[in-house]
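Throughout, a chain's letter reflects where its sequence line sits, starting with A, and its residues are numbered from 1.
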Amino acid sequence: MLLDDPHPAPDRAPDRAPAGAPPGPLVGRVLDWFDVHARDLPWRAPDRTPWGVLVSEVMLQQTPVVRVVPAWHAWMARWPEPVDLADASTADVLRAWDRLGYPRRALRLQACAQAVVDRHGGRVPGTEDELLALPGVGAYTAAAVVAFAFGGRSVVLDTNVRRVLARAVDGEALPSPTPTVAERARAEALVPQDPATAARWAAASMELGALVCTARSPRCEECPVLEACAWQRAGRPDDRHAARRRSQPWAGTDRQVRGRVMALLREALGPVPSEAVEAVWPQAGQLSRCVDGLIADGLLVRVPGAGPDEPVSYVLPD
DNA sequence: AAGTCGGGGTA
DNA sequence: TACCCAGACTT
């Protein structure tokens with residue numbers, strides 16, 4: 001809380017204000033900062049559509065903004081409405097997803113488009129419950145679409161917001177590895193009551209985490225709530241949860257093998273002989289397991305040889 | 001609650 | 001190198 005606030009805003013109630021009250025100083029200052037520093041991202045443009053917002057949110061699940069921007073433009077030019085993606089070839093969808101990573105997201109996004117067509121007449125629904133029922137849409141994405149596409153009130157709690165609140169409110173360097181119920185309740189209590197303001201708070205708090213209150217080297221000297229920050233007051237202590245944060249390995253993992261196989265298939269014009277697939281990884285057992293996994297995930301299809309002596313090959317699904 | 005799932009840019 | 005990125009889903 002803002003006990004040491006050197007710039008009191010007497011016309012504003014404290015944070016965690018009762019329903020109907022205007023935003024407190026923490027929220028108010030972040031909103032003012034956002035008015036000046038908001039990035040000009042394409043899915044925030046005045047002519048944005050709910051579909052464009054949904055596409056951006058799925059692409060942004062674990063992929064940085066700078067890599068999503070060009071992919072988003074190409075995607076929206078090719079499949080401007082859910083029905084367009086629903087009717088597309090899955091192979092084309094996976095190729096357009098390119099190297100955004102986690103290609104199962106591309107499958108889920110297409111399945112999501114098909115669900116939007118089947119259940120909602122081709123229009124992206126506007127309630128959190130309806131959104132949550134769609135493939136690839138979890139708690140964060142549903143809340144984000146409500147706020148950014150429809151201007152509704154929701155609790156948007158992504159990695160940025162979690163970090164901002166962990167520092168400013170809890171005085172901790174980083175949030176816990178997995179969100180807690182208490183953390184979510186605390187975030188909810190900060191969300192302004194007015195829907196339009198709540199939606200702006202969602203964007204503003206995320207933006208602060210992305211541009212100033214960053215994970216690695218926070219730019220505290222530029223922070224609009226520096227004087228209100230509990231982590232700053234506590235002397236910026238180290239991460240309490242560092243011991244339980246295990247880094248995700250990469251070299252030699254199934255994820256690397258799967259990535260190589262998918263890259264090969266994306267670039268291929270036609271079926272890829274099994275011999276060529278096996279050439280991307282030296283350990284036959286691991287490769288075989290990964291190919292089976294990709295098939296099980298619907299990312300790959302095995303094509304039998306034309307004759308008894310013809311080799312098996314692999315293609316992206318239709 | 002813990003594992004799985006890509007890929008690349010950065011300190 | 002290791003870490004981080006507008007998470008979702010399964011077990």
Side-chain angles (χ1 to χ4, degrees), chain A residues 34 38-39 41-44 52-72 94 97-109 111-112 131-149 154-165 173-181 187 199 201-211 213-219 239 241-242 244-266 280 289-290 293-294 296-300:
Chain A
F34 186 64
R39 286 172 293 181
L41 299 173
W43 44 86
R44 289 178 179 166
V53 171
L54 177 53
V55 169
S56 78
E57 293 303 338
V58 174
M59 287 184 169
L60 287 163
Q61 292 166 2
Q62 299 290 282
T63 301
V65 168
V66 288
R67 288 172 54 197
V68 165
V69 170
W72 184 88
L94 290 170
W97 195 258
D98 196 40
R99 298 179 182 180
L100 289 180
Y102 296 143
R104 293 189 296 188
R105 287 184 296 162
L107 295 184
R108 294 188 190 126
L109 184 53
C112 175
L131 287 161
L132 269 174
L134 297 172
V137 177
Y140 161 75
T141 301
V145 172
V146 165
F148 305 147
S154 61
V155 183
V156 175
L157 196 58
D158 79 322
T159 184
N160 289 303
V161 178
R162 293 191 65 217
R163 187 174 54 250
V164 166
L165 298 185
L174 292 171
S176 64
T178 55
T180 65
V181 174
W201 160 246
S205 54
M206 288 173 64
E207 196 79 334
L208 187 68
L211 298 182
C213 195
T214 57
R216 207 78 63 94
S217 324
R219 308 164 75 172
D239 176 20
H241 311 95
R244 280 186 297 133
R245 243 181 265 283
R246 56 183 70 169
S247 59
Q248 306 177 57
W250 173 244
T253 60
D254 286 2
R255 295 163 72 187
Q256 185 182 23
V257 179
R258 289 168 57 107
R260 284 196 185 180
V261 173
M262 290 303 294
L264 177 66
L265 268 291
R266 277 197 308 267
V280 305
R289 184 177 68 241
C290 288
L294 290 169
D297 288 343
L299 288 163
L300 206 58

For B:dC5 versus C:dA6, give the span between their P atoms, rounded off to a whole number of Å. 23 Å
Close side-chain approach of A:Leu54 and A:Val137, heavy atoms under 4.5 Å: yes
Side chains of A:Gln62 and A:Tyr102: closer than 4.5 Å at any heavy-atom pair? yes
What integer distance in Å separates A:Leu211:CG from C:dC5:C1'? 13 Å
Using a heavy-atom cut-off of under 4.0 Å over every strand shown, decide if A:Arg39 touches base, sugar-phosphate, or nothing. base
Using a cut-off of 4.0 Å on non-hydrogen atoms, how would the nucleic acid contact of A:Val65 be classed: base, sugar-phosphate, or nothing? base
Length of the line joining A:Met59:CE and C:dA8:C1', which is rounded to integer Å: 16 Å
Check every strand shown and say whether A:Ala139 touches a base, only sugar-phosphate, or nothing at a heavy-atom separation below 4.0 Å. sugar-phosphate
What's the gap between B:dG7 and C:dT10 when it is taken at their C1' atoms, as a whole Å value? 22 Å
Roughly how many Å apart are B:dG8 and C:dA8, using the P atom of each and rounding to a whole number? 23 Å
How would nucleotides 4-11 of chain B be written as a contact map, 5' to 3', with B for base contact, S for sugar-phosphate-only contact and - for no contact, using protein heavy atoms under 4.0 Å? -BBBSBBS
Please classify the nucleic acid contact of A:Trp43 as base, sugar-phosphate, or nothing, using heavy-atom distances under 4.0 Å. base
Identified salt bridge (charged side-chain N to carboxylate O under 4.0 Å, His left out) counterpart of A:Asp239 within the set A:Arg245, A:Arg163, A:Arg244: A:Arg245
In whole angstrom, what separates A:Leu157's CG from C:dC5's P? 14 Å
Distance alone, cut at 3.5 Å: any donor-acceptor contact between the side chains of A:Gln61 and A:Tyr140? no
Distance check needed: B:dA2 C1' versus A:His241 NE2, whole Å only. 16 Å
Let me know, please, whether A:Arg44 or A:Gly136 comes out on the 5' side of the other along DNA chain C by nearest nucleotide. A:Arg44
Residue pair A:Leu299 / A:Arg258, side-chain heavy-atom distance below 4.5 Å: yes
Within this structure, what is the CZ-to-P distance between A:Arg244 and B:dA2, rounded to whole angstrom? 7 Å
Side chains of A:Leu208 and A:Asn160, heavy atoms from C-beta outward: is any pair under 4.5 Å? no
Taking side chain as C-beta onward, heavy atoms only, is A:Trp43 less than 4.5 Å from A:Trp72? yes
Whole-Å distance separating the CG atom of A:Leu109 from the P atom of C:dA8: 13 Å
What's the verdict on salt bridge (Lys or Arg N to Asp or Glu O under 4.0 Å) for A:Glu207 and A:Arg44, showing C-alpha distance, side-chain angles and the deciding distance? CA-CA 12 Å; A:Glu207 196 79 334; A:Arg44 289 178 179 166; 2.9 Å; yes
Integer-rounded Å distance: C:dA8 P and A:Glu57 CD: 9 Å
When A:Ala215 and A:Leu132 are each assigned the nearest nucleotide of DNA chain C, the 5'-most assignment goes to A:Ala215
Students often get this wrong, so: under 4.0 angstrom with heavy atoms, is A:Thr141 touching a base, only sugar-phosphate, or nothing? sugar-phosphate
Whole angstrom is fine here: how far is it from CG in A:Leu60 over to P in C:dA8? 11 Å
Quick one: label A:Pro135 by what it contacts on the DNA or RNA (base, sugar-phosphate, nothing), any heavy atom closer than 4.0 Å. sugar-phosphate
